[in-house]
Each structure stands twice: as structure tokens, then as C-alpha cells.
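So you know, we letter chains A, B, ... as the sequences are listed, proteins then strands, and number each from 1.
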Amino acid sequence: MREGFITIKELFKDPQAYYGKTIKLGGWIRNIRDSKVFGFIDLNDGSYFKNLQVVFEADRIDNFDQVARLGVGSAIIAEGVLTESPGAKQPFELKADQITVEGPSPSDYPLQKKRHTFEYLRTIAHLRPRSNTFSAVFRLRSILSYAIHKFFMERDFVYVHTPIITSADAEGAGEMFKVTTLDPDKMARDDQGRPTYEDDFFGKLTNLTVSGQLPAEAFALAFRNVYTFGPTFRAENSHTARHASEFWMIEPEMAFADLEDDMDLAEDMMKFIINYCLENAPEEMDFFNKFIDKGLLERLDNVLNSEFKRITYTEAVSLLEKSGEKFDYPVKWGMDLQTEHERYLTEKTFKGPVFVTDYPKEIKAFYMRLNDDQKTVAAMDLLVPGVGEIVGGSQREERIEILDKRLDELQMNKEEYWWYRDLRRYGGTHHAGFGLGFERAIMYLSGMTNIRDVIPFPRTPNSAEF
RNA sequence: UCCUCAGUAGCUCAAUGGUAGAGCACUCGGCUGUUAACCGGGGGGUUACUGGUUCGAGCCCAGUCUGGGGAGCCA
């Protein structure tokens with residue numbers, strides 16, 4: 001590394017290589033304790049979840065008083081000799097010969113060496129990655145991103161970058177963020193006073209994407225297996241621990257694949273990423289298991305070693321009706337499953353991940369493939385304990401007559417979907433895909449219960465600070 | 001948007017309608033191996049805001065603001 005720094009990660013990987021040698025580290029003080037002529041610093045350099053204990057002594061460094069007065073959060077460069085530690089809590093420590101103060105941290109530093117509420121830490125989102133929990137969360141987020149790419153790349157999926165700015169409302173979801181360069185007061189308007197967007201940057205109404213699925217389908221019908229992994233935006237005024245205005249989504253799409261293939265892929269993917277994180281972030285996962293969610297590792301282990309249950313919507317409704325449980329919303333065929341129903345199924349009935357398939361067409365999106373019963377569509381939701389719906393997918397309607405009929409029924413403008421319909425006119429084939437909420441995956445793998453605490457700088461209604 | 005809970009020191013929280021407190025943090029002092037070190041002294045408050053009830057309001061009432069949790073929507 002530049003300037004000859006050793007990282008704490010390297011020390012933990014092979015301490016034998018450094019014992020008795022003089023090394024140099026740069027990092028931030030997590031905790032500092034001093035006596036009259038010696039003291040201890042818990043130093044974190046960002047490379048590793050664990051800290052390095054730095055011992056500083058008055059007769060060994062020339063700025064003992066300065067160092068002893070340093071506060072939590074200060075940035076220092078420490079040079080010294082790595083030795084075995086007599087203390088029980090760490091295998092080795094650094095006996096400092098020189099400590100250079102790079103950036104002190106005055107007494108009003110908002111992060112203390114004590115437990116803070118997540119709520120408070122959200123107000124200091126620029127500092128919270130320096131805390132244990134968020135250090136673990138965001139390293140997991142990084143490792144999980146890589147695991148996703150690794151999973152798909154190993155299976156020869158092509159990574160496709162679908163547009164962030166999309167035209168019109170062609171993705172069929174809820175509220176969208178408009179993208180415009182126009183002054184809202186000066187927009188050209190039609191007879192009814194609605195803006196025409198003719199003079200706007202793109203010459204038409206544009207929004208931030210709510211899904212990359214439709215363009216991903218186009219690429220699936222060229223590359224066979226593709227996936228997207230990028231930011232997604234929803235302007236819904238949602239106030240829950242599971243919704244954010246800006247989040248990341250993974251959307252694989254496979255040609256020559258049906259709903260069973262889709263579920264197989266989702267199950268394989270979940271197991272792969274769980275396994276990858278357990279193997280590559282063991283310190284972080286242990287921390288989550290100890291301080292965030294005591295049953296986490298046992299639950300994940302259970303998931304790795306079990307087959308995901310698969311039931312139809314019709315079976316799910318029947319199970320819920322027979323459960324004897326009193327729900328706030330009564331269960332009835334034709335109604336969408338409420339959160340309380342989903343939680344009951346995954347947390348009580350099956351106590352693990354469960355796919356629910358073949359929902360009534362009325363409660364699902366236009367592009368989902370109509371089943372032979374003419375009443376249900378080939379859709380699937382993967383429900384997991386604690387998080388609820390983590391994956392939502394379907395086999396897509398490849399028969400253009402039926403797709404057109406659905407568009408008509410829903411009074412959607414066929415012209416807007418001209419290129420999507422083209423995919424059915426030229427070499428269409430059965431195909432399927434799903435969307436995985438990336439943040440929900442992080443929540444599931446960490447036990448964190450609020451989506452705001454797994455996004456570095458979260459955007460939610462009324463909140464876009466930082 | 002609806003329901004619900006909360007707002008007291010920098011942080012985490014106490015305080016029967018009757019003088020606003022503790023722990024941590026901070027500051028000063030002590031301590032020759034600490035582990036969110038320990039021991040002692042000290043500073044720190046418009047109790048979210050506005051109005052009302054009362055001899056007296058952090059506490060009761062009304063409204064506002066902010067935040068949490070839940071619902072809907074979804075990933």
C-alpha cells in the first residue's frame with residue numbers, strides 16, 4: 001500500500017508475519033483510556049470489523065499528553081511494534097513508538113462510545129458508518145452486491161443497464177418522480193390545463209424508473225439470460241420500515257423459461273448469497289447474530305438446508321381460512337393477501353421461506369401470463385420471515401392476442417407499448433423473471449428491521465438530507 | 001393518506017399536579033495493563049411549539065410541528 005501502511009485486515013489475516021516488526025497504521029479512535037503514564041486506544045482503520053489495540057506509554061512516545069487528551073473519532077497514524085497482548089480480549093496489540101495526530105475530534109463529536117438509538121444515528125448519517133452496527137451493515141451491503149453479480153455471472157447471465165430515466169408511465173407501477181428541466185409555472189398546457197411537456201428536454205413526459213423489467217425483457221429475447229441491478233424510484237408516500245423512495249433492485253429475466261424455472265433461480269440465488277455472506281463476512285454476521293437478531297445464524301442455516309415451500313394462492317387462502325387465526329382483514333379468494341396474511345404463512349405456517357403462486361389476474365400486473373383456468377396468472381411472491389415479500393416475479397405473457405386483450409381490459413394505451421408488443425411479434429418465446437429488493441435482502445441477511453438503516457443515505461418522504 | 005405511540009441535559013432515560021434528576025459524554029484531579037476501565041470534584045435545562053384549566057403544569061385539555069411503529073401501495 002502507498003506510504004507503507006499495513007491494514008488491520010492484513011494483521012488479522014496473518015499476525016505471525018508481523019510479530020516483532022515495526023508497522024504503520026492509519027485509523028480512527030473508537031475508544032481511548034489513559035492512566036498516568038500509559039493508555040490504550042481502540043483503533044479502527046476501516047479495513048476490518050475488529051479494532052487494533054494501540055498501547056501508548058509516556059516513556060515511549062514524545063507526545064503522551066497530547067495523545068492522552070485525544071477524543072473518540074480522532075484520526076491518527078500510529079507506528080510501533082506488533083506484540084502478543086496480555087489482555088484476554090485481543091490476540092495482539094501495537095506498542096506505539098510514534099503517534100501522529102492527523103485530525104483531532106473535539107468534545108462535541110456526536111458519536112459516543114455507548115449505545116445510540118438507530119433513530120438518532122439517522123440524524124448523523126455522515127458519521128454513523130463509523131459505528132459498529134453500520135460498519136457491519138455497509139460492509140455486508142458491499143459484499144452482498146458482489147455476491148449477486150457473482151451468482152449471475154457464474155451462470156452466464158448478461159448484466160444489462162436499463163434506463164434510469166424512462167418515458168411516460170410505461171412501467172405500470174404507482175407514483176413516479178417526474179424528470180423535467182422546465183419551470184412548472186411556464187409549461188405549455190393543453191385545453192384542460194395539463195402540461196404537454198412538448199417543450200421539455202425530452203419532448204415528452206419522463207420519469208425516474210420504477211422497474212427495469214420491460215427493457216430487460218427485450219435483452220432477454222436477445223441474450224436469453226440477463227439481469228439488471230440498479231437504483232429504482234417510487235414516489236409513494238409510504239411510511240413503513242420496508243419502503244424507501246430510492247432503493248436498489250435486482251431483476252433477472254430468462255427466455256425459454258417458465259414459472260418453475262423462475263422459482264428455482266430465486267431459490268438458488270437466495271441460498272447462494274446467504275452462503276457467500278456467511279463465508280465472506282463472518283465477523284459482521286456474528287455481530288448481527290449477537291447484537292441485532294439472536295436467531296439470525298440459526299435461521300439462515302435453516303434456509304440453506306431446506307427446500308423452499310411452494311403453494312398456490314388458492315391453497316394459501318384455504319390454509320389461512322382453516323387456520324382459525326383472527327385477522328383484521330378477512331381472507332377471501334380474489335382479495336390480495338394482506339401483510340398479516342403473508343406473515344402468518346411464512347412465520348407461523350411454514351416457519352421459513354415460501355413461494356405463493358398463481359394469483360387472481362385482477363390483483364396482478366398486465367404482463368403476467370394468463371393460466372389455463374383463465375382466472376389466475378403465473379405469478380410468484382417469495383415470502384420470508386421478518387421481511388415479508390422479498391421477491392416478486394412471474395412468467396410473462398408471450399401471446400400477443402392475450403396481452404392485447406389485457407391491455408384493453410385495463411384501458412392501457414397500446415401505442416405506448418409498441419416496442420414491448422414487438423417482442424411478441426418477432427421471435428417471442430415463453431420467458432420469466434423476478435425482482436429482488438436489494439435492501440430487503442440486506443435486512444433479511446442482517447436482521448436489521450428498518451430499510452433506512454441499510455441504505456447509506458436513505459431517501460424517504462420528507463427526508464432527503466445529506 | 002389513515003390508525004397509533006412518543007418528544008425532558010450532547011446521548012440514553014427517570015421525575016403522585018407541588019424546589020427538574022441519574023448514567024454516559026464533556027471538564028479538572030487521581031490511578032503502572034485497561035477492555036463501552038475505575039475513583040473523586042465540576043459545568044450543563046425556554047421539559048418540541050402555541051394557547052387553555054389550576055393557587056401551582058414536564059405531568060391535565062386543545063391545536064400545531066417533528067419523529068417512531070402499524071396499515072395501504074409495493075421490492
For nucleotides [N] and [M], find the distance between their [atom1] atoms and express it as a whole number of Å.
N: B:U47; M: B:U19; atom1: C1'; value: 15 Å
N: B:G69; M: B:G33; atom1: C1'; value: 46 Å
N: B:G70; M: B:G18; atom1: P; value: 35 Å
N: B:C74; M: B:C11; atom1: C1'; value: 35 Å
N: B:C13; M: B:G58; atom1: C1'; value: 14 Å
N: B:G51; M: B:A14; atom1: C1'; value: 28 Å
N: B:C61; M: B:U53; atom1: C1'; value: 7 Å
N: B:G30; M: B:C59; atom1: C1'; value: 42 Å

Using only heavy-atom distances, decide whether a donor-acceptor pair under 3.5 angstrom links the side-chain of [X] to the base of [N].
X: A:Glu93; N: B:G33; result: yes
X: A:Gln53; N: B:U34; result: yes
X: A:Lys95; N: B:G33; result: yes
X: A:Lys114; N: B:C11; result: yes

Rounded distance (Å) that lies between atom [atom2] of [N] and atom [atom1] of [X]:
X: A:Tyr359; N: B:C73; atom1: OH; atom2: P; answer: 12 Å
X: A:Leu111; N: B:U12; atom1: CG; atom2: C1'; answer: 14 Å
X: A:Ile124; N: B:C11; atom1: CD1; atom2: C1'; answer: 9 Å
X: A:Leu94; N: B:U34; atom1: CG; atom2: C1'; answer: 16 Å
X: A:Gln112; N: B:G23; atom1: CD; atom2: C1'; answer: 11 Å
X: A:Asp34; N: B:C26; atom1: CG; atom2: P; answer: 11 Å
X: A:His116; N: B:C13; atom1: NE2; atom2: P; answer: 12 Å
X: A:Asn44; N: B:A36; atom1: CG; atom2: P; answer: 15 Å

Could you tell me if [Y] and [X] have a donor-acceptor pair between their side chains, going purely by distance under 3.5 Å?
X: A:Trp248; Y: A:Thr232; answer: no
X: A:Asn371; Y: A:Thr376; answer: yes
X: A:Glu283; Y: A:Tyr48; answer: yes
X: A:Glu217; Y: A:Gln213; answer: yes
X: A:Glu251; Y: A:Ser211; answer: yes

At 4.0 Å (heavy atoms only), tell me whether [X] reaches a base, stays on the sugar-phosphate, or touches nothing.
X: A:Phe247; result: base
X: A:Ile451; result: base
X: A:Val391; result: sugar-phosphate
X: A:Gln90; result: base
X: A:Tyr120; result: sugar-phosphate

For RNA chain B, what dot-bracket results from Watson-Crick or G-U pairs at under 3.5 Å, with [ ] for crossers and | for inter-strand partners?
(((((((..((((....[..)))).(((((.......))))).....(((((..]....))))))))))))....
More 5' along RNA chain B: A:Ile32 or A:Met249, using each one's nearest nucleotide?
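Result: A:Ile32.
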Of A:Lys364 and A:Arg69, the one whose closest RNA chain B nucleotide lies more 5'
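Looking at the nearest nucleotide for each, A:Arg69 comes out on the 5' side.
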Has A:Asn63 got a side-chain atom pairing as donor or acceptor with A:Ile99's backbone, closer than 3.5 angstrom?
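Yes, because the side chain of A:Asn63 sits within donor-acceptor range (under 3.5 Å) of the backbone of A:Ile99.
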Lys/Arg-Asp/Glu bridge criterion (N-O < 4.0 Å) met for A:Lys351, A:Glu347:
no
Salt-bridge criterion met for A:Lys375 and A:Glu362 (N-O under 4.0 Å)
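So A:Lys375 does not pair with A:Glu362 through a salt bridge.
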Just verifying a value: how many Å separate A:Leu11 CG and A:Lys50 NZ, rounded to the nearest 0.5 Å?
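Answer for the CG-NZ pair, A:Leu11 versus A:Lys50, is 12.5 Å.
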Just by protein heavy atoms under 4.0 Å, how would nucleotides 63-72 of chain B read 5' to 3' in B, S and -?
----SSSBBB
Can you name the nearest heavy-atom pair linking A:Tyr313 to A:Gly334, along with the distance?
OH-N, 2.8 Å
A:Asp45: salt bridge (charged side-chain N to carboxylate O under 4.0 Å, His left out) partners, not counting sequence neighbours:
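A:Asp45: no salt bridge (charged side-chain N to carboxylate O under 4.0 Å, His left out) contacts found.
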Looking at A:Ser35, does any N or O in its side chain come under 4.0 Å of the phosphate oxygens OP1/OP2 on B:U34?
no
According to a strict under-4.0 Å criterion, is A:Lys36 in side-chain N/O contact with OP1 or OP2 of B:U32?
no
Aromatic contact, A:Phe152 with A:Phe229 (centres under 6.0 Å)
no
